[in-house]
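Keep in mind it's a predicted model, so treat the numbers as computed, not measured.
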Amino acid sequence: MGATERLRKYGFIAGFLIVPLTLYLVFVISPYIQAFQLSLTSWNGYQRNPAYIGLENFGRLFQAEVFWQAIRNHAVILLVLPLLTIALALLFAFLLNLGGGSRGAGMKGVWGSTFYKVVFFAPQVLAVAVVGVLWKAIYRPDESGVINGALIKMGLDPVGWLTEPNLALWSLLAVMIWQAVGFYVVLFSAGMAAIPKDYFEAAALDGAGRFRLFFSITLPLLRDTIQVGWVYLGIAAFDCFALVQVLSVDAGGPDGATTVLPVEIYKTAFSYNKVGYASAMGVALFFLTITFAVLTLRVSRREKIEL
């Protein structure tokens, strides 16, 4: 290939890449760089020439109790959200795709599986703010709340699902799992559809039951898909802004029981006008998220199984 042909070839490729790369640099990379820069200043959002203070914001951040409270909440969410969401999604996906009767070696879903897929996925199409408002009505602490109304009718005392410090975070986690599980049911269903049915039929003919089919065939061959789901859910565990903002008491309460870093970043920047300090929180959140994703991919890496 001559120099002219190579130039024409790479020029053609560059012509397609220049626009998306430019947009990515302007709207993704540039804000990150600006956040790193602002984290070294005492900018309040209005100063024309903010003063550079070095790493002082990070020193204050690591000594702040609210920061470590948010980290502890993220740790709980990071442990519970991916684990329960993936477990429930795998169970539902298996039942909907491979949990039917024995006809045809049992390679069909339960009766009405198409309808159940729509039901499971429905929360995914709702805006997060709508989900928050919906569950706020469900969790209301008086008889007008769905759950407490039922408890009161049964002669039981109402529960402060969002006002009790020991219950508030778990109540939010229940909503997060309810909203997320439908997407992963669809994701794992697509992964199961890609597994050759011959594997299941051969195992069923050898006498393997549902339990063995799931743990010996389905789970190993879905490992890459589960890995992707785990990373997505882990990143979601470092977000949670909208649900916490809408559902929790005083945006992260009571007493910081549900606070997360994105909520603290928002309050610090827009309520307290400490944009430089909020940017330091954002930088910390960035490195926490990247570290989690890299470690997860590293730990779960393995040789690809060819189907």
Would the distance check show the side chain of [X] and the main-chain N or O of [Y] forming a donor-acceptor pair, the cut-off being under 3.5 Å?
X: T41; Y: L38; value: yes
X: N44; Y: N273; value: no
X: Y139; Y: S171; value: yes
X: S39; Y: F36; value: yes
X: T289; Y: I235; value: no
X: E164; Y: W161; value: no
X: N57; Y: A280; value: no
X: W170; Y: A174; value: no
X: H74; Y: L261; value: yes
X: T258; Y: G252; value: yes

Any side-chain donor near an acceptor of the partner, Q69 and R72, under 3.5 Å: yes
Donor + acceptor pair across side chains of Y32, Q37 (<3.5 Å): no
Single hit among L151, I147, D142, N148 for side-chain contact (heavy atoms from CB on, under 4.5 Å) with P158: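 For P158, the side-chain contact (heavy atoms from CB on, under 4.5 Å) test succeeds with only one of L151, I147, D142, N148, which is N148.
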Close side-chain approach of V76 and L81, heavy atoms under 4.5 Å: no
Ring centers of Y277, Y272 separated by less than 6.0 Å: no
